[in-house]
Asks: 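What follows is a single structure, and I will ask about it in a moment.
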Amino acid sequence: MSEIEFAAKFLIALQKKIKGIEVILINDLEITTKYKGDQSMHFLDNAYSEYSRESKDLKNIINKYVDASAAMYTDRERKISIEQIVPIIKDKRFIAGLKELNPNFETKHIYEPYNSELYIFYAADTEYNIHYLQPNELAELGIKKDELRQIATTNLKNLLEIKRHGSETLFMIIAGGTYEASVILMDIWDKETFPVYGNVVIGIPSRDMLLITGSQDSEGLHKLYDMVARTNEEGDHLVSEQLFELKDGKFELLTLNN
């Protein structure tokens, strides 16, 4: 099934779920809709990636993403609470994609830079989906933008059960499958927790993968490079194709001369 055929099936199912949705634009796996005067954008890259790997599971994949997308419309009439705010890690590619689709995307998102490659977007973890916060919602909650990181990180700590797997060469964080990449913001990065050779080096190729090795561990670095590259080629919900080194309590881009 082609991308446009997949998008069409998704749209038919969405329109059955939410009555009154207007279609503004279909561009391969990107759909722009209008509902009660507001425009929304649906990005189906991750859904199509899942379908490409498990084509026999088409119905379940469509239903899963339709349910999540439908919540975008129903959640507009629900109040977001401060306790739902979470941080989402994205990279330059995500920003570039948003700008290409909508040069005014900043009016619909709240985000801040983390380092030279990564950004922190703020969202609400609702019952059915992850809803990116908008500036007007921040005002309604009565909080300031510079308070968001502390609030979101605290909520994340309360939300997740974090487990470490692996050995000294390569560790992996398991935290439920959605917020592993966001764990970089938490205060867990010490040598007792991660006894690696050299400084802590991480890869976050997708939202559910946080891999750790040491800056002086040749074997671990090679494994990490390979896993990050492979996930960026074959995976979904991608975050970054880069590696990052912990310096002074913050992850910075790992460069060849380190």
Side-chain angles (χ1 to χ4, degrees), residues 68 71 75 78-91 94 109-135 137-168 170-196 199-214 224 228 231 237-240 242-254:
D75 279 349
R78 301 173 184 167
K79 292 293 184 180
I80 293 171
S81 70
I82 292 176
E83 291 73 24
Q84 291 176 315
I85 298 174
V86 290
I88 308 292
I89 303 298
K90 296 292 185 181
D91 71 347
F94 184 76
H109 295 84
I110 301 174
Y111 71 100
E112 62 178 280
Y114 173 75
N115 60 24
S116 61
E117 289 288 328
L118 301 176
Y119 294 82
I120 307 169
F121 279 74
Y122 293 100
D125 188 322
T126 72
E127 183 179 358
Y128 297 104
N129 73 342
I130 298 172
H131 165 75
Y132 284 98
L133 284 182
Q134 300 184 19
E137 292 171 327
L138 190 62
E140 291 172 2
L141 289 169
I143 56 178
K144 299 177 181 179
K145 185 177 179 180
D146 59 11
E147 299 174 315
L148 274 174
R149 188 185 296 198
Q150 182 61 51
I151 291 171
T153 304
T154 298
N155 290 342
L156 194 69
K157 181 180 179 180
N158 295 333
L159 180 67
L160 301 183
E161 180 181 353
I162 300 173
K163 297 180 180 179
R164 187 198 73 181
H165 293 267
S167 64
E168 292 181 1
L170 190 66
F171 293 102
M172 174 182 288
I173 289 292
I174 303 295
T178 302
Y179 296 112
E180 275 77 355
S182 300
V183 172
I184 67 171
L185 302 175
M186 299 179 67
D187 187 20
I188 64 170
W189 301 101
D190 56 67
K191 276 299 186 74
E192 291 185 4
T193 306
F194 301 101
V196 297
N199 293 335
V200 172
V201 174
I202 64 163
I204 42 174
S206 60
R207 73 177 186 181
D208 62 347
M209 290 187 71
L210 173 48
L211 308 166
I212 305 105
T213 191
L224 187 54
V228 168
T231 302
H237 296 95
L238 300 179
V239 175
S240 177
Q242 305 291 343
L243 301 187
F244 303 92
E245 181 179 4
L246 186 64
K247 291 183 176 181
D248 299 322
K250 180 181 176 182
F251 287 101
E252 302 288 358
L253 181 66
L254 179 67

Asks: Measure the spacing between CD1 of Ile88 and OH of Tyr122 and express it to the nearest 0.5 Å.
Replies: 11.0 Å
Asks: Within the distance-only criterion (no hydrogens, no angle test), does the side chain of Glu180 pair as donor or acceptor with the backbone N or O of Thr178 below 3.5 angstrom?
Replies: yes
Asks: Heavy atoms, side chains only, cut-off 4.5 Å: are Lys90 and Tyr111 in contact?
Replies: no
Asks: Can you tell if the side chain of Leu185 reaches within under 4.5 Å of the side chain of Leu156, non-hydrogen atoms only?
Replies: no
Asks: Examine distances only and state if a side-chain atom of Tyr114 and a backbone atom of Phe251 form a donor-acceptor pair shorter than 3.5 Å.
Replies: yes
Asks: Looking only at heavy atoms, what is the nearest atom pair of Val239 and Ala181, with distance?
Replies: CG2-CB, 4.1 Å
Asks: May I ask you to decide if the ring planes of Phe121 and Phe94 are parallel, tilted or perpendicular, using 30° and 60° as cut-offs?
Replies: perpendicular
Asks: Evaluate the side-chain proximity of Ile202 to Leu211: yes if any heavy-atom separation is below 4.5 Å, no if none is.
Replies: no
Asks: If you count every heavy atom of other residues, nucleotides or ligands that lies below 6.0 Å from Lys144 atom NZ, does the total exceed 12?
Replies: no
Asks: For Asp91, which residues count as a side chain to side chain donor-acceptor pair (under 3.5 Å) partner, sequence neighbours excluded?
Replies: Arg93
Asks: Would you name the heavy atoms of His131 and Thr126 that are closest together and state the gap between them?
Replies: CB-CG2, 4.5 Å
Asks: Val201 and Gly214: which non-hydrogen atoms are nearest, and at how many Å?
Replies: CG2-C, 4.1 Å
Asks: Verify, without hydrogens or angle tests, whether Lys145 (side chain) and Pro135 (backbone) share a donor-acceptor contact under 3.5 angstrom.
Replies: no
Asks: Would you give the length of the straight line joining atom CG of Leu141 to atom CD1 of Ile85, rounded to the nearest 0.5 angstrom?
Replies: 5.0 Å
Asks: If the plane angle is over 60° it's perpendicular, under 30° parallel, otherwise tilted; pick one for Phe194 and Phe171.
Replies: perpendicular
Asks: List the atom pairs, with distances to 0.1 Å, where a side-chain N or O of residues 157-165 and a protein N or O form a donor-acceptor pair under 3.5 Å, not counting sequence neighbours.
Replies:
unit_1: Asn158; atom_1: ND2; unit_2: Thr154; atom_2: O; d: 3.3
unit_1: Arg164; atom_1: NH1; unit_2: Thr193; atom_2: O; d: 2.4

Asks: Tyr179 and Ile130: which non-hydrogen atoms are nearest, and at how many Å?
Replies: OH-CD1, 3.5 Å
Asks: Which residues pass the salt bridge (charged side-chain N to carboxylate O under 4.0 Å, His left out) test with Glu112, not counting sequence neighbours?
Replies: Arg149
Asks: Does CG belonging to Asp190 count more than 12 external heavy atoms closer than 6.0 Å?
Replies: yes
Asks: Would you mind reporting whether Leu118 and Ser240 have side-chain heavy atoms less than 4.5 Å apart?
Replies: yes
Asks: What is the minimum heavy-atom distance between Gly203 and Leu243, and which atoms define it?
Replies: CA-CD2, 4.0 Å
Asks: Grab the two heavy atoms, one from Glu245 and one from Leu254, that are nearest each other, plus how far apart they are.
Replies: OE1-CD1, 3.4 Å
Asks: To the nearest 0.5 Å, tell me how far Leu210 CG sits from Ile184 CD1.
Replies: 8.0 Å
Asks: Measure the CD-CD1 distance between Gln242 and Ile204 for me, rounded to the nearest 0.5 Å.
Replies: 10.5 Å
Asks: How long is the span from the CG atom in Leu148 to the CD1 atom in Ile143, to the nearest 0.5 Å?
Replies: 4.5 Å
Asks: When you measure from the side chain of Asn199 to the backbone of Lys247, do you find a donor-acceptor pair of N or O atoms at a distance under 3.5 Å?
Replies: no
